[in-house]
**Q** 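I am attaching a structure below and will ask some questions about it afterwards.
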Amino acid sequence: MNVNDTDYIFKVIIIGDSGVGKSSLLLKYTRDKFEKDYNVTIGVDFGSKLIEIPSKDNSLKNIKLQIWDTAGQEKFRTITKSYYRGCAAAIIVFDVTCKESFNNIYSWIKTVREECSADTNIVLIGNKIDKSGRIIEYDKAVKLARKNGIKYFETSAMENESTSVAFNILAQDILNKMLD
C-alpha cells in the first residue's frame, strides 16, 4: 500500500504505567520486532502503520495509524498530555502480572475523558500474558472494561499474541464511528 493512497489518518495514543509494555506493543505492531531490553520512553515515541480496513459498504479503506507511545512515569504526564489532543483513540495498557498497573486504569480512563474529545475510542489492553505469575484474571479485566464501556484485549508483544488484532479492531471501530 502506498502512503499517497491513504483514505484516513487516525491518531492513537498508548498510555499506561511505566513498564507495562507500551513501547513493546508499538514496536511489535509497527515493525514486527520485539526487544527484550527496551529503554524507558522519555516523553513520547512515535510509530505508524498502513493497514486496509473494510468499510460498511465492504470497500477497503487505506488507513494510516499514527501511534504515539507516551511515557508512563508521573513526572512526564504534563508533557504527554499535549499529545492527547486530536486523538481518535486511546489504548490503555496494563501488565497482567502487576496489580498496581491494573489499579491505575481508572486514573488513565479519567485522564482520557478529561483531555480528549467525548467521542474518542478507548481500548483496554492487558499485556504480558506470556509471563508466569499472572495476578489480574481475564474476567476481572473484562468486568472493568464493560463497566467503563470500552473493549478489552489481552496481548503479548513478545509472543505476538493478539497485538495486530487489538490495533486493527480499534481502527475498524474508529472508521465505523466516522462513517455513521
Side-chain angles (χ1 to χ4, degrees), residues 1-16 20-35 38 41 43-72 79-94 105 108-109 111-130 141-142 145-146 148-180:
M1 178 184 340
N2 185 331
V3 72
N4 295 328
D5 297 330
T6 302
D7 295 308
Y8 299 100
I9 298 173
F10 299 147
K11 179 181 175 184
V12 177
I13 57 169
I14 303 176
I15 59 176
V20 297
K22 300 179 301 291
S23 298
S24 294
L25 286 172
L26 173 67
L27 187 63
K28 189 64 175 180
Y29 182 66
T30 59
R31 298 183 213 143
D32 198 24
K33 291 183 181 179
F34 179 80
E35 294 181 13
Y38 203 88
T41 302
V44 177
D45 196 5
F46 174 80
S48 65
K49 183 160 181 157
L50 296 169
I51 58 175
E52 288 184 331
I53 299 292
S55 67
K56 289 183 176 189
D57 66 0
N58 290 323
S59 65
L60 290 177
K61 299 295 181 188
N62 298 321
I63 308 294
K64 180 177 184 179
L65 292 179
Q66 293 180 334
I67 307 165
W68 296 86
D69 168 25
T70 63
I79 297 167
T80 59
K81 279 188 180 180
S82 64
Y83 290 91
Y84 287 49
R85 287 185 212 100
C87 69
I91 298 173
I92 301 171
V93 183
F94 75 95
I105 291 170
W108 290 109
I109 291 171
T111 300
V112 170
R113 292 194 169 139
E114 289 173 353
E115 300 294 329
C116 300
S117 66
D119 64 341
T120 300
N121 285 48
I122 303 173
V123 168
L124 179 62
I125 291 183
N127 195 31
K128 301 186 182 185
I129 60 171
D130 56 280
V142 167
R146 284 186 182 145
N148 288 279
I150 59 180
K151 288 187 177 176
Y152 176 64
F153 298 93
E154 291 196 333
T155 62
S156 166
M158 187 169 96
E159 300 291 330
N160 199 23
E161 181 71 32
S162 300
T163 305
S164 292
V165 171
F167 281 95
N168 292 348
I169 289 174
L170 177 60
Q172 180 76 63
D173 289 347
I174 297 166
L175 179 64
N176 288 345
K177 190 181 282 188
M178 276 187 58
L179 298 176
D180 276 345

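This chain uses plain numbering: 1 for the first residue, then up along the sequence. Just so you know, these numbers use all the heavy atoms, side chains as well, and skip hydrogens, waters and symmetry mates.
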**Q** Is any side-chain heavy atom of Ile109 closer than 4.5 Å to one of Ile92?
**A** yes
**Q** Taking all non-hydrogen atoms of both residues into account, name the closest pair between Ile51 and Ala171 and its distance.
**A** CD1-CB, 3.7 Å
**Q** Using distance alone, with no hydrogens and no angle criterion, decide if Thr6 and Asn62 have a side-chain donor and acceptor under 3.5 Å apart.
**A** no
**Q** Are the side chains of Cys87 and Val12 in touch, meaning some heavy atoms are under 4.5 Å apart?
**A** no
**Q** Can you name the salt bridge (Lys or Arg N to Asp or Glu O under 4.0 Å) partners of Asp130, sequence neighbours left out?
**A** none
**Q** Identify the heavy atoms of Leu65 and Tyr29 that sit nearest to each other, and give their distance.
**A** CD1-OH, 3.7 Å
**Q** Give the minimum heavy-atom separation between Lys177 and Thr120, together with the two atoms involved.
**A** NZ-C, 4.4 Å
**Q** What's the shortest heavy-atom distance between Ile174 and Asn121, and which atoms?
**A** N-ND2, 4.0 Å
**Q** Evaluate Met178 against Tyr8 for side chain to side chain contact (heavy atoms under 4.5 Å, CB included), listing each step before the verdict.
**A** CA-CA 10 Å; Met178 276 187 58; Tyr8 299 100; 3.2 Å; yes
**Q** List the atom of Lys151, the atom of Asp173, and the distance in Å for their closest heavy-atom pair.
**A** NZ-OD2, 2.7 Å
**Q** Would you call the rings of Phe94 and Tyr152 parallel, tilted or perpendicular, where under 30° means parallel and over 60° means perpendicular?
**A** parallel
**Q** Can you confirm whether the side chains of Asn168 and Gln172 place a donor and an acceptor under 3.5 Å from each other?
**A** no
**Q** How long is the straight-line distance from CD1 of Ile125 back to CD of Glu154, given to the nearest 0.5 Å?
**A** 10.5 Å
**Q** Go through the steps to decide whether Ile91 and Phe167 satisfy the test side chain to side chain contact (heavy atoms under 4.5 Å, CB included), and finish with yes or no.
**A** CA-CA 9 Å; Ile91 298 173; Phe167 281 95; 3.4 Å; yes
**Q** Does the side chain to side chain contact (heavy atoms under 4.5 Å, CB included) test come out yes or no for Val93 and Leu25, once each step is laid out?
**A** CA-CA 9 Å; Val93 183; Leu25 286 172; 3.8 Å; yes
**Q** Tell me whether Arg146 at atom CZ has more than 12 heavy atoms from other residues, nucleotides or ligands lying less than 6.0 Å away.
**A** no
**Q** Would you check if Leu179 and Ser55 make a side-chain contact, meaning some heavy-atom pair closer than 4.5 Å?
**A** yes
**Q** If you compare all heavy atoms of Arg85 against all heavy atoms of Lys11, which two are closest, and at what distance to 0.1 Å?
**A** O-NZ, 2.8 Å
**Q** Which value, rounded to the nearest 0.5 Å, describes the distance between Asn176 atom CG and Ile169 atom CD1?
**A** 11.5 Å
**Q** Is any side-chain heavy atom of Asp69 less than 4.5 Å from a side-chain heavy atom of Phe46?
**A** no
**Q** Does a side-chain heavy-atom distance below 4.5 Å link Thr111 with Ile15?
**A** no
**Q** Please report the interatomic distance NZ(Lys22) to CD1(Ile13), rounded to the nearest 0.5 Å.
**A** 11.5 Å
**Q** Rounded to the nearest 0.5 Å, what separation is found between the CE atom of Met158 and the NZ atom of Lys128?
**A** 10.5 Å
**Q** Between Ile67 and Ile14, is the side chain to side chain contact (heavy atoms under 4.5 Å, CB included) condition met? List the steps.
**A** CA-CA 7 Å; Ile67 307 165; Ile14 303 176; 3.4 Å; yes
**Q** Are the side chains of Glu114 and Tyr84 in touch, meaning some heavy atoms are under 4.5 Å apart?
**A** no
**Q** Determine whether Lys64 and Asp7 satisfy the following criterion, salt bridge (charged side-chain N to carboxylate O under 4.0 Å, His left out), listing intermediate values before the conclusion.
**A** CA-CA 8 Å; Lys64 180 177 184 179; Asp7 295 308; over 6 Å; no
**Q** Could you tell me if the side chain of Arg113 sits less than 4.5 Å from the side chain of Asn148, heavy atoms only?
**A** yes
**Q** Is there side-chain contact between Ile63 and Lys49, with heavy atoms separated by less than 4.5 Å?
**A** no
